[in-house]
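Below is one structure, written out as structure tokens, with a few remarks after it.
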Number of protein chains: 2
Amino acid sequence: MEFTDRKRRILHAVVQDYIETAEPVGSRTIARKYVTDLSSATIRNEMADLEEMGYLEQPHSSAGRIPTVLGYRVFVDSLMEKYKLSVMETIRMQEAMSEKANRFDKLIEKASLAIANVTNYATVAISSGKKRNRIKAVQLVPVSEKEAVIIIVTNEGGVKSKKVRLDGFVDSGEAVMLSAELTKALSGRTLGDISLETVVRLKSENEGADELIDKVVSFMSETCGEKDTREVISHGGVNLLKFPEYSDIEKAKEILEVLDNKEQLQSMINLPSAGNKVNIIIGDEKNGIKLKDCSLVLCNYEFNGNEGTIGVIGPTRMDYARVVSALEYLCEGMRPQLGGGTDKLEQREEE
Amino acid sequence: MEFTDRKRRILHAVVQDYIETAEPVGSRTIARKYVTDLSSATIRNEMADLEEMGYLEQPHSSAGRIPTVLGYRVFVDSLMEKYKLSVMETIRMQEAMSEKANRFDKLIEKASLAIANVTNYATVAISSGKKRNRIKAVQLVPVSEKEAVIIIVTNEGGVKSKKVRLDGFVDSGEAVMLSAELTKALSGRTLGDISLETVVRLKSENEGADELIDKVVSFMSETCGEKDTREVISHGGVNLLKFPEYSDIEKAKEILEVLDNKEQLQSMINLPSAGNKVNIIIGDEKNGIKLKDCSLVLCNYEFNGNEGTIGVIGPTRMDYARVVSALEYLCEGMRPQLGGGTDKLEQREEE
DNA sequence: TATTAGCACTCGCTTCATTTGAGTGCTAAT
DNA sequence: ATTAGCACTCAAATGAAGCGAGTGCTAATA
């Protein structure tokens with residue numbers, strides 16, 4: 001059977017209306033609101049065809065039609081028109097992002113929250129910082145008789161620090177010396193690639209500081225091992241409760257449990273990383289994970305050397321056009337400063 | 001009317017049974033399961049008394065009794081017996097806490113999650129770091145031609161850092177000099193109390209570094225202004241969905257919205273800080289906030305100089321004894337190392 | 001030949017009345 | 001003082017009737 005233009009118009013109408021109302025849409029509704037040049041009877045026939053072709057289905061025999069997964073697919077791929085964000089929406093996002101974001105994970109937390117608020121769906125964000133940083137400087141600061149702070153500054157200006165307890169005493173003079181030594185020896189290297197010889201040499205050249213050097217080295221490898229810190233966060237889960245598809249508490253629990261579970265979230269998001277384009281995953285199109293009846297709109301972002309993915313989760317019946325626009329706006333707006341002066345580029349890390 | 005010992009036994013039984021079943025409990029149930037030496041008729045009379053005294057109420061005239069807020073109050077204050085944590089429960093908490101917690105906020109995040117998992121209620125935690133820290137050292141590290149990192153180390157070994165952009169160039173020699181100067185001038189002071197004279201003097205003694213000094217000072221006051229960074233987090237909101245009191249989606253939405261809202265959470269928790277003892281707030285006992293039908297069990301904790309509050313939110317019908325024990329175990333176990341060697345005490349902060 | 005009007009039919013909801021049963025309060029007996 | 005017994009109450013479960021949105025099919029129309 002041929003997918004005529006008229007069928008296309010009708011499919012578009014069904015999806016559109018179902019997205020708005022969450023009610024199965026009947027032929028009469030379409031004839032009145034969308035395809036006014038045809039009678040309900042004609043539309044009825046076309047809808048029967050569309051059902052046969054797999055784009056629509058009926059919850060029960062005397063109800064209207066709802067889109068199938070396939071129906072949504074062609075809708076998002078070729079039917080839906082681009083949504084123009086309202087001024088209000090852009091402002092809300094800019095405001096959310098304009099506040100000083102200290103750490104990178106704070107920034108994406110803000111982004112995630114902003115998207116959740118603007119779209120009124122749930123969001124999930126993952127930061128997969130590709131930290132291939134090199135050491136710029138190492139500093140030791142004694143803070144009490146038996147404690148000192150190790151500070152490592154990287155290339156990009158990142159700072160890692162740790163307070164350690166020492167058995168031996170280190171005074172500030174020694175600390176300064178040792179800082180200089182360590183900086184000289186390690187500067188330019190990656191956190192991971194400190195060779196054993198280097199360690200041995202350092203120890204022999206700085207007698208009595210064995211303990212501290214060990215601590216520094218182990219701290220570095222520790223930190224380095226955290227490459228996949230992959231923080232997963234989620235916001236706006238409650239937003240979903242206002243949709244009728246989750247008025248059943250069991251359904252609600254199901255999805256909220258997924259949103260609460262970092263592992264599941266992660267496995268859900270990790271699948272595709274198709275460039276920087278927005279990626280839409282509908283219903284349970286293969287990729288497993290129990291996001292039945294849910295859709296996922298993903299977008300990769302990049303900021304200041306870190307990168308990650310942010311996504312929106314909602315009912316399959318979500319307002320794809322608006323979600324896509326919001327995500328694009330935010331992710332693209334992240335590279336240039338999104339509402340701040342030069343300040344925006346200062347990355348800052350703290351307790 | 002007198003609050004006889006028999007009345008006490010019956011009230012205890014009602015509360016206990018209601019906590020378990022969530023169903024109004026009738027006289028027959030009590031006669032069979034709890035107070036077997038009395039007939040249901042006698043218990044009926046006693047219950048009528050208890051209702052008159054304000055400890056019990058009836059949802060409707062032909063139903064069993066449920067505890068009033070007052071009823072819960074006397075239950076938690078003088079009736080309930082201490083719960084002994086099962087081995088399984090302690091193990092689960094220890095495991096959750098034993099992993100290396102980098103930053104302090106990560107640690108309390110873990111604690112919050114652990115309590116949520118063990119109790120199966122929702123938790124909320126707030127860290128109100130009482131940062132009365134004094135400066136120990138100031139370090140400047142140039143990372144590129146026009147960028148440098150400012151690092152401030154405090155008394156307690158806390159580290160704050162920020163990458164700044166500079167118009168003028170700073171080489172590492174200058175940076176070391178300036179670091180020493182700044183450390184000498186500022187060491188021992190609180191982040192907030194740098195006087196104008198000090199700034200002026202520093203600038204005159206270090207010509208050409210005006211810009212950097214300004215940045216350092218403004219960073220300090222910025223950081224200082226963050227005294228109330230008061231990070232609020234919450235976990236286990238979904239847990240609540242399994243309780244029948246939230247099987248109505250509207251009720252569920254109500255509480256989950258509160259849990260999602262940092263401001264509301266904060267105002268809810270901030271009320272009492274009665275020492276280090278566990279504090280139970282039932283229903284909407286004055287203190288406002290829409291936690292009607294909910295109870296809140298709060299406990300203050302302290303770790304490594306930081307302090308905060310962690311709390312459990314659940315239906316008024318929650319298993320107070322178990323929650324109290326879990327919280328006490330966790331909060332008290334926080335000062336001594338809770339499942340780790342000396343390592344546990346090392347505080348570490350990073351990107 | 002494509003479209004449309006018309007009509008019988010389906011089936012999920014809502015409404016309303018009835019039944020059921022757990023639980024109470026009261027009274028009279030122990 | 002306690003208890004057995006009984007009439008009464010009321011929420012919740014059950015089920016029948018009617019409604020109405022929507023369909024599929026057929027016959028008339030352009």
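Computed from a predicted structure; not experimentally measured.
- Across B:V278, B:N279, B:V76, a single residue satisfies side-chain contact (heavy atoms from CB on, under 4.5 Å) together with B:V324, and that is B:V278.
- Per the geometry, CD belonging to A:E51 stands 10 Å off P belonging to D:dT23, to the nearest Å.
- A donor N or O paired with an acceptor N or O is not found under 3.5 Å between the base of D:dG22 and the side-chain atoms of A:R28.
- Distance from the side chain of A:Q58 is smallest to D:dG24 among C:dT24, D:dG24, C:dA5.
- The distance from atom CZ of B:R44 to atom P of D:dA1 is 19 Å, rounded to the nearest whole Å.
- A salt bridge links B:E46 with B:R6; the closest basic N to acidic carboxylate O contact falls under 4.0 Å.
- Across all strands shown, B:S40 has no heavy atoms under 4.0 Å from either base or sugar-phosphate atoms.
- Here D:dC25 presents its P atom at 18 Å from CD1 of A:I43, a figure rounded to the nearest Å.
- When the P atom of C:dG23 is taken as reference, atom CG of B:D17 falls 10 Å away, rounded to whole Å.
- In this entry the distance linking OH of B:Y18 with P of C:dG23 reads 14 Å, nearest Å.
- Nucleotide C:dA2 holds its C1' atom 12 Å from the NZ atom of A:K7, rounded to whole Å.
- The side chain of B:S61 contributes no N or O atom lying less than 4.0 Å from OP1 or OP2 of C:dT24.
- The CG atom of A:N45 sits 11 Å away from the P atom of D:dT23 (whole-angstrom rounding).
- We find that CD of A:E23 is positioned 9 Å from P of D:dG22, with the value rounded to whole Å.
- For the OP1/OP2 pair of C:dT24 and a distance below 4.0 Å, the side-chain nitrogens and oxygens of B:R65 include at least one atom meeting the criterion.
- Remark: A:E328 engages A:K82 in a salt bridge, criterion side-chain N to carboxylate O under 4.0 Å.
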Open item on the list: Wobble G-U and Watson-Crick pairs count when both distances are under 3.5 Å; given that, what is the 5' to 3' dot-bracket string of DNA chain C, with | for pairing to other strands?
Closed with: ||||||||||||||||||||||||||||||
TODO: Please step through side chain to side chain donor-acceptor pair (under 3.5 Å) for the pair B:S295 and B:T316, ending with a clear verdict.
DONE: CA-CA 5 Å; B:S295 282; B:T316 36; 5.3 Å; no
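- Look at A:E245 and A:R317 and you find a salt bridge, because one of the NZ, NE, NH1 or NH2 atoms lies within 4.0 Å of a carboxylate O, short of that distance.
- The side-chain tip of A:R9 does not point at the ring of A:Y34 from less than 6.0 angstrom away and within 45° of straight on.
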TODO: Carefully, step by step, assess B:F243 and B:Y121 under the rule ring pair (Phe, Tyr, Trp, His ring centres under 6.0 Å).
DONE: CA-CA 10 Å; B:F243 299 111; B:Y121 295 108; 5.2 Å; yes
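- Between B:T42 and D:dT3 there is a side-chain polar atom (N or O) within less than 4.0 angstrom of OP1 or OP2.
- Along DNA chain D, the nucleotide closest to B:S62 and the one closest to B:D37 are compared, and the more 5′ of them pairs with B:D37.
- Residue whose closest nucleotide on DNA chain C sits further toward the 5' end, between A:A41 and A:H60: A:A41.
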